[in-house]
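Written out below as structure tokens is the structure these notes cover.
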There are 2 protein chains.
Amino acid sequence: MPLATVNLRSVCTQCNLKELCLPLGLDNHDLEKLDGLIAARRKIKRQQHLYRAGEPFEAIYAIRTGFFKTDILTEDGRDQVTGFQMAGEILGMDGISTDRHVCNAVALEDSDVCMIPYDKLEELSRRIEPLQRQFHKFLSREIVREQGIMMLLGSMRAEERLAAFLLNLSQRMRARGYSALEFNLRMTREEIGSYLGLKLETVSRAFSKFQDEGLITVHQKHIQILDSEGLRRLIGRAPI
Amino acid sequence: MPLATVNLRSVCTQCNLKELCLPLGLDNHDLEKLDGLIAARRKIKRQQHLYRAGEPFEAIYAIRTGFFKTDILTEDGRDQVTGFQMAGEILGMDGISTDRHVCNAVALEDSDVCMIPYDKLEELSRRIEPLQRQFHKFLSREIVREQGIMMLLGSMRAEERLAAFLLNLSQRMRARGYSALEFNLRMTREEIGSYLGLKLETVSRAFSKFQDEGLITVHQKHIQILDSEGLRRLIGRAPI
DNA sequence: CGAACGCTTGACATTTGTCAAACGGCGTGG
DNA sequence: CCACGCCGTTTGACAAATGTCAAGCGTTCG
């Protein structure tokens, strides 16, 4: 796999994502130290892998632009999408555990990431306390995010899962300054289904039902949320 | 809630769990520094909470003896067990993200934990590189563990889930020196069901089916694994 | 000894998956 | 530029898996 790295100095100091990304909360002095850390930027074309399960783990990645999915494929043919990641989010933290990547990371659109060499990050976070704290929070946030998915997969029915998925996406879009009520999905129905533990037909039917009920409009990948309160209500009513 | 702390110096240096727990891989010199960190031991009776969702996060806990479950309860009445933890395992890392515990930790039998104040752990892990590395691996391992559950909840059917659950439990028992093929469950069918995204009746039926097929014997909480290879085969055959 | 709790089992309901057909948008090549 | 073909999506009919409700049993613990 050719390393499509770009040898730009990646300037956290000037990055417009610094309020979402790892540098969150660092002061200017610390930010300058961080600038030395980021080795390279890397461009990933749609459908290309950022990394693959089994590859040696060397770096985590901060997404500057673009959209990714992470998934796990087992020998027996199971395929589970474990997450979708957008700009400002961090990828690859599962690799720390075994020094090898556990899942695959695939770009769902042409993307641009900051490569953060892990040994340097550990070294720097020993010297910069706020960075250490921030990094730990990111790791923990990933644990909490996955607990949310466990909740979703373990105790919600199909339509509740899809509603929760849409609301989560919407909220993350807003956090990044995009429209929270109108956006294009970057993933297929099958990928959504894999993420939500459903078949693509079930996802499609749920989309149609939401549309019939006036909660959203769907045209292929284009989604418009008409009644986000209605979607929330859908989740809020647990069965018994 | 009364803090049932015991003011023993907790001696990692002499703990027989140090090969499983956070000190894993530390040399004697570093272990001694760690001894100063562990503030207190704490005894938790069966059915009592070690911590509750929403409480301020101050420490993580290493289990010395006993057995816990972690779960999340939502306002709308959903209840999801997010994990079962046994001796040598670490509890509470989800709290780092928001400085509050996200889930509840409940003892399923009388238990004994080491309380590790989080601010001291961060401070110490800035000074002891192997401790930092180890702590990061523990955080990452939790991420990977949860990905395994996502896989289970998202792509396995009831019997596969239960087989995976039994094999995982068995493997962890072995790692701790207990019999891997014969043990007592500490949790109810309902708790297993919540963890696996199933109803307790489905869990019970699957247990009965495994027994009919000669894979295990079940008497209430007592489990004997007769054919672990058979259980593995059950998982290995993905649908399609 | 009795009550409460957890477990098992049966009959039936509901949800979701499976298979199949058809539609539509998009990109490619003529 | 248009036509064709591919891929992703939608929808329907039916099948399978799991949930629901209910009854009864065994253990355990007060």
Side-chain angles (χ1 to χ4, degrees), chain A residues 45-47 69 77-81 106 108-110 152-163 165 184-213 216-223 234-235 237-240, chain B residues 45-47 69 77-81 108-110 152-163 165-166 184-213 216-223 234-235 237-240:
Chain A
K45 287 228 163 283
R46 188 173 126 84
Q47 301 294 25
K69 73 167 177 184
R78 282 179 224 279
D79 177 10
Q80 173 78 29
V81 171
V106 183
L108 295 185
E109 61 181 28
D110 292 0
L152 180 147
L153 292 172
S155 76
M156 293 186 186
R157 40 184 75 228
E159 287 170 26
E160 296 169 330
R161 294 183 201 185
L162 191 63
F165 170 75
N184 284 301
L185 300 172
R186 307 300 153 84
M187 69 295 277
T188 66
R189 302 289 189 265
E190 186 168 17
E191 285 163 336
I192 297 173
S194 170
Y195 180 64
L196 298 178
L198 302 169
K199 294 293 159 183
L200 69 95
E201 293 93 334
T202 307
V203 173
S204 178
R205 276 184 244 270
F207 270 133
S208 300
K209 180 136 183 263
F210 288 175
Q211 184 161 238
D212 292 348
E213 290 168 344
I216 64 174
T217 66
V218 197
H219 290 114
Q220 304 290 118
K221 310 237 172 196
H222 185 84
I223 300 283
L234 229 162
I235 304 171
R237 274 186 318 226
I240 302 178
Chain B
K45 286 230 162 280
R46 188 174 126 86
Q47 300 294 26
K69 72 168 177 183
R78 279 178 228 278
D79 177 10
Q80 173 78 29
V81 172
L108 296 183
E109 62 180 28
D110 293 358
L152 181 146
L153 293 172
S155 77
M156 292 188 188
R157 40 185 72 228
E159 287 170 27
E160 294 170 331
R161 294 183 200 185
L162 190 64
F165 169 75
L166 286 173
N184 284 299
L185 299 173
R186 307 300 152 83
M187 68 296 277
T188 66
R189 301 289 190 264
E190 185 168 19
E191 287 163 335
I192 297 173
S194 170
Y195 180 65
L196 299 179
L198 302 169
K199 294 293 159 184
L200 70 93
E201 293 94 333
T202 307
V203 174
S204 178
R205 276 184 244 270
F207 270 133
S208 300
K209 179 136 183 264
F210 287 175
Q211 184 161 239
D212 292 348
E213 291 168 342
I216 63 174
T217 67
V218 197
H219 291 113
Q220 304 289 117
K221 310 236 174 195
H222 185 83
I223 300 283
L234 230 161
I235 304 170
R237 274 188 317 228
I240 305 165

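Chain letters run A, B, ... following the sequence lines, proteins first and then strands; every chain starts at 1. Owing to the predicted nature of the structure, the values given are computational and were not obtained by experimental measurement.
- Panel note: side chain Arg161(B), backbone Met156(B); a donor-acceptor pair is recorded below 3.5 Å.
- Note on Lys221(A): a side-chain N or O is less than 4.0 Å away from OP1 or OP2 of dT9(D).
- Contact annotation: the side chain of Leu162(A) never approaches that of Leu234(A) to less than 4.5 Å [non-hydrogen atoms, C-beta and beyond].
- The side chain to side chain donor-acceptor pair (under 3.5 Å) contacts involving residues 195-207 of chain B comprise nothing, where partners must be two or more places apart or lie in separate chains.
- Between the side chain of Arg186(A) and the main chain of Leu108(A), no donor-acceptor pair closer than 3.5 Å is present.
- We find the CZ-CD1 distance between Phe210(A) and Ile223(A) to be 10.0 Å, quoted to the nearest 0.5 Å.
- Between the side chain of Asp110(A) and the backbone N or O of Lys45(A), no donor-acceptor pair lies under 3.5 Å.
- Here Ser204(A) does not reach the OP1 or OP2 of dG8(D): none of its side-chain N or O atoms lies under 4.0 Å away.
- To the nearest angstrom, P of dT8(C) lies 16 Å from NZ of Lys209(B).
- How far CZ of Phe165(A) is from CG of Leu196(A): 6.0 Å, rounded to the nearest 0.5 Å.
- Per the geometry, CG belonging to Asp212(A) stands 10 Å off P belonging to dG12(D), to the nearest Å.
- Rounded to an integer number of Å, the gap from CG of Leu108(A) to C1' of dG8(D) is 14 Å.
- Spacing between atom CG of Leu200(B) and atom C1' of dC21(D) amounts to 12 Å, rounded to whole angstrom units.
- Per the geometry, CD1 belonging to Ile223(A) stands 17 Å off P belonging to dG8(D), to the nearest Å.
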Write out a two-atom table: protein N or O, nucleotide N or O from nucleotides 19-27 of chain C, distance below 3.5 Å.
residue, atom, partner, partner atom, Å
dC19(C), N4, Glu201(A), OE2, 3.3

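- From Gln220(A), atom CD reaches atom CG of Asn184(A) across 10.5 Å, with rounding to the nearest 0.5 Å.
- Atom NE2 of His219(B) and atom P of dC25(D) are 18 Å apart (whole Å).
- Remark: Ile216(B) CD1 to Leu166(B) CG distance equals 5.5 Å, nearest 0.5 Å.
- Atom CZ of Phe207(A) is separated from atom C1' of dG8(D) by 13 Å (rounded to the nearest Å).
- When rounded to the nearest whole Å, the span between CG of Leu185(B) and P of dT27(D) equals 16 Å.
- The closest side-chain heavy-atom distance from Lys69(A) to Met187(A) is not below 4.5 Å.
- Note on the helix from dC1(C)-dG30(D) to dG30(C)-dC1(D): terminal axis deviation equals 40°, with five pairs used at each end and the result rounded to 10°.
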Sort me out a list of protein N/O and nucleotides 16-18 of chain D N/O pairs below 3.5 Å, or just none if empty.
residue, atom, partner, partner atom, Å
dA17(D), OP1, Arg157(B), NH1, 3.3
dT18(D), OP1, Ala158(B), N, 2.7

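- Using a distance-only test at 3.5 Å, with no hydrogens or angles considered, no donor-acceptor pair links the side chain of Ser155(B) to the main chain of Gln80(A).
- Considering CZ of Arg78(B) and CD of Glu160(A), their distance stands at 4.0 Å, rounded to 0.5 Å.
- Contacts of residues 187-195 of chain B with DNA chain C (heavy atom under 4.0 Å): Thr188(B), Arg189(B).
- For the atom pair Phe207(A) CZ and Asp212(A) CG, the distance stands at 13.5 Å (nearest 0.5 Å).
- In this structure Thr188(B) satisfies the side-chain contact (heavy atoms from CB on, under 4.5 Å) test together with Glu190(B), Glu191(B), Lys221(B), sequence neighbours excluded.
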